[in-house]
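Bear in mind the structure is a predicted one, so any value in this text is a computation, not a measurement.
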Amino acid sequence: MLAAAPVATVAGTALALSGCSGWGCTDTTAERGTAGARVQVVNPDGRPLGVTAAVVDWRLQPHPQVPAEGDRVHFRFRFENADRYSPPAVDACAVDRARVVLGCETVSSSQANGPAEDPHTGDAWIAVERPRQVAEVLFVPNDQSYDRRTCDVDVKDGGGMHPPEHPDTGDRL
């Protein structure tokens, strides 16, 4: 009977570290990091991945495929040190002067397929209701590519830390 106690303790510790325990599964949502035009991408635990995401430039212009819809935010971005086999993704948000979100789009480092002289760049579009209020484009540093199953989906292997929710229009960054 005494030899079984250490085995039970090790098994319980492993379950607790995975986000689950004998009492049930637990989902935890990470805190949203501080947004900026240049950010260090972080995993759900807040640890840096060694990848930098930066807004290169942005402008208002009609999207070439739907010009009748008016101006959208067209921005160029760069990912530095991203792994092409597990590309991180971050939320890019157009904000007003008070850093209130006007619209967001998730961009992945796999979208950075720029020209030979700058292959780590890419571009994307953000649709916003009031384009003239856009003051800047910011990245939220939390890696959104992390897709761990939730307890609702998989009570045995799910749970643990998850990225924060995507910013909604009206949120302040």
Side-chain angles (χ1 to χ4, degrees), residues 13-21 24-59 63 72-96 98-115 118-128 134-173:
T13 301
L15 284 172
L17 289 174
S18 71
C20 300
S21 68
C25 187
T26 304
D27 286 310
T28 307
T29 302
E31 292 278 328
R32 183 180 294 154
T34 303
R38 181 179 180 86
V39 297
Q40 293 293 317
V41 182
V42 296
N43 72 8
D45 293 321
R47 289 190 296 257
L49 297 178
V51 175
T52 301
V55 176
V56 176
D57 60 25
W58 67 273
R59 62 189 167 279
H63 191 289
R72 293 188 180 184
V73 180
H74 183 206
F75 68 100
R76 288 187 328 120
F77 58 87
R78 175 180 289 115
F79 278 90
E80 298 166 2
N81 302 319
D83 180 354
R84 65 182 183 159
Y85 299 107
S86 57
V90 293
D91 290 320
C93 298
V95 299
D96 66 12
R99 295 174 64 109
V100 173
V101 173
L102 302 172
C104 293
E105 185 70 35
T106 303
V107 295
S108 170
S109 64
S110 65
Q111 293 171 259
N113 50 10
D118 200 1
H120 303 291
T121 61
D123 72 311
W125 298 80
I126 302 172
V128 297
V134 176
E136 59 184 324
V137 175
L138 303 174
F139 279 130
V140 178
N142 306 84
D143 182 8
Q144 292 291 340
S145 70
Y146 183 78
D147 191 19
R148 184 177 197 136
R149 294 179 294 221
T150 63
C151 294
D152 288 343
V153 173
D154 187 343
V155 72
K156 179 180 171 274
D157 296 322
M161 188 65 76
H162 301 277
E165 294 295 319
H166 300 282
D168 288 323
T169 299
D171 287 356
R172 185 179 306 272
L173 298 180

When you measure from the side chain of Arg32 to the backbone of Asn142, do you find a donor-acceptor pair of N or O atoms at a distance under 3.5 Å? no
Sidechain-backbone polar pair: Arg38 side chain, Ala54 backbone, donor-acceptor under 3.5 Å: no
Where at least one partner belongs to residues 100-109, residue pairs that pass salt bridge (charged side-chain N to carboxylate O under 4.0 Å, His left out), sequence neighbours excluded: none
Nearest heavy-atom pair of Asn81 and Gly50: which atoms, and what distance? CB-O, 3.2 Å
Say you draw a straight line from CD of Glu80 to OG1 of Thr121; how long is it, rounded to the nearest 0.5 Å? 11.0 Å
As a test of understanding, state which of Pro88, Pro141, Ser145 forms a side-chain contact (heavy atoms from CB on, under 4.5 Å) with Val41. Pro88
Taking C-beta and beyond as the side chain, do Asp143 and Asn43 meet within less than 4.5 Å on heavy atoms? no
I'd like to know if the side chain of Arg99 reaches the main chain of Ala35, judged simply by a donor and an acceptor atom lying under 3.5 Å from each other, with no hydrogens or angles considered. yes
Does any part of the side chain of Val107, heavy atoms only, come nearer than 4.5 Å to the side chain of Phe75, both counted from C-beta? yes
Nearest 0.5 Å please: distance from the CG atom of Asp123 over to the CZ atom of Arg76. 8.5 Å
Do Gln144 side-chain atoms and Pro164 backbone N/O form a donor-acceptor pair below 3.5 Å? yes
Would you say Ser109 and Val51 make side-chain contact, with heavy atoms under 4.5 Å? no
Between the CD atom in Gln40 and the CZ atom in Arg47, the distance rounded to the nearest 0.5 Å is 15.5 Å
Side chains of Cys104 and His166: closer than 4.5 Å at any heavy-atom pair? no
Atom CD in Glu136, atom CG in Asp96: separation rounded to 0.5 Å? 9.5 Å
Can you tell me how far apart CZ (Phe79) and OG (Ser108) are? Round to the nearest 0.5 Å. 6.5 Å
What heavy-atom pair brings Pro167 and Asp91 nearest, and what distance separates the two atoms? CD-OD2, 3.2 Å
Exercise: identify the closest heavy-atom pair between Gly33 and Val140: O-CG1, 4.3 Å
If I compare all heavy atoms of Val95 with all of Leu102, which pair ends up nearest, and what's the gap? C-CD1, 4.0 Å
Roughly how far, to the nearest 0.5 Å, is the NE2 atom of His74 from the NE2 atom of His63? 7.5 Å
Check whether any side-chain heavy atom of Val101 sits under 4.5 Å from a side-chain heavy atom of Asp168, and report yes or no. no
Shortest non-hydrogen separation from Leu138 to Ala37 and the atoms involved: CD2-N, 3.7 Å
How are the rings of Phe77 and Phe139 set relative to one another: parallel (under 30°), tilted (30 to 60°) or perpendicular (over 60°)? perpendicular
